Structures are given as C-alpha cells and as structure tokens.
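Comments concern the structure below.
Hydrogens, waters and symmetry mates play no part in the numbers below; they use all other heavy atoms, side chains included. Keep in mind the model is a prediction, meaning the values are calculated, not measured.
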Amino acid sequence: GDLKRSYSSGVVARRVRDGPPAVKGCGPAQIHAHAERLAQALTTLCFETGSDTVFASKEYHPDEVARDKVVDQALKVCGIKLHLVPGHLLNEPHTIPLYAGGEKS
C-alpha cells in the first residue's frame, strides 16, 4: 500500500490496493508480524507529521480484518486513532438483509 501525508490537516491516510500480498493466505503469526511492522511504520509517520489519526479503507477479508485489529490496538497504545471508512463497496456486507425462499432469514 502507499501512504499519503497531509501536513496541513495533521492526518495520515493509508490506501491499500487489493490487500497486501504479504497478508492474504498467511497464518496468524505472519499476519501479526506484518501488522506490527505496519503499526510501527504508521506510528513513526504520525510522530513525524504530528498526526493523531490514521484513516484507512475498511477491509473485509478475514486476514485483513485480523491485521487491522492488531494495528488498531498498537496505535491506541501510542495515542493514535485508526478510523476505518467503507472502501469501494456500495453497502457493507453486514448491512444487506439475507432472504431465503422469499422470507427474511
């Protein structure tokens, strides 16, 4: 993914395209290690720019959700907020009602 700095607003934004290949299909230990490296890089960037918030596109793949939870916890320890925003979806998956045979399930 690439990082964009916004010095005027004090916000760091992260945009990940198609999820980093280092995360998809990895085991929990590899995901955790990748998330810790990502959190360290984001923390360093926030301290360098004076930012206290990271905005990122919300991911839905289970490995990416696990990564984002670890990153969020690590950033909180440093007083940095992680704000996840809906990405390229019209509706988030949990907001779509499921119907089976014409009846809501």
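Between D63 and R67 there is no salt bridge, since no side-chain nitrogen of the basic residue lies less than 4.0 Å from a carboxylate oxygen of the acidic one.
Every ring-ring contact (aromatic ring centres under 6.0 Å, His included) that H83 has, sequence neighbours left out, goes to F55. Listed by chain and residue number, K58 satisfy the salt bridge (Lys or Arg N to Asp or Glu O under 4.0 Å) test with E92 (two or more places apart in sequence, or in another chain).
Enclosure of atom CG in L90 is not indicated, since only 12 or fewer non-hydrogen atoms of other residues, nucleotides or ligands lie within 6.0 angstrom.
Nearest heavy-atom pair across P93 and Y60 is CD-CE2, 3.5 Å.
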### Task
Just do the side-chain contact (heavy atoms from CB on, under 4.5 Å) check on H32 and E36 with the steps written out, would you?
CA-CA 6 Å; H32 188 82; E36 288 292 331; 3.5 Å; yes
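L84 and V65 fall into different hydrophobic clusters, where Ile, Leu, Val, Met, Phe, Trp and Tyr are joined by side-chain heavy atoms under 4.5 Å apart, directly or via other members.
Taking SG from C78 and CD from Q40, the interatomic distance works out to 7.5 Å, rounded to the nearest 0.5 Å. Rounding to the nearest 0.5 Å gives a distance of 11.5 Å between CG of D72 and NZ of K81. From L75, atom CG reaches atom CG of L38 across 8.0 Å, with rounding to the nearest 0.5 Å. The line from NZ of K69 to CD of E64 is 13.5 Å long, rounded to the nearest 0.5 Å. Between the SG atom in C46 and the CD atom in E48 there is a gap of 9.5 Å [rounded to 0.5 Å]. One finds the OG1 atom of T53 at 9.5 Å from the CG atom of L82 (value rounded to the nearest 0.5 Å).
By the 4.5 Å heavy-atom criterion applied to side chains, L42 and I80 are not counted as neighbours.
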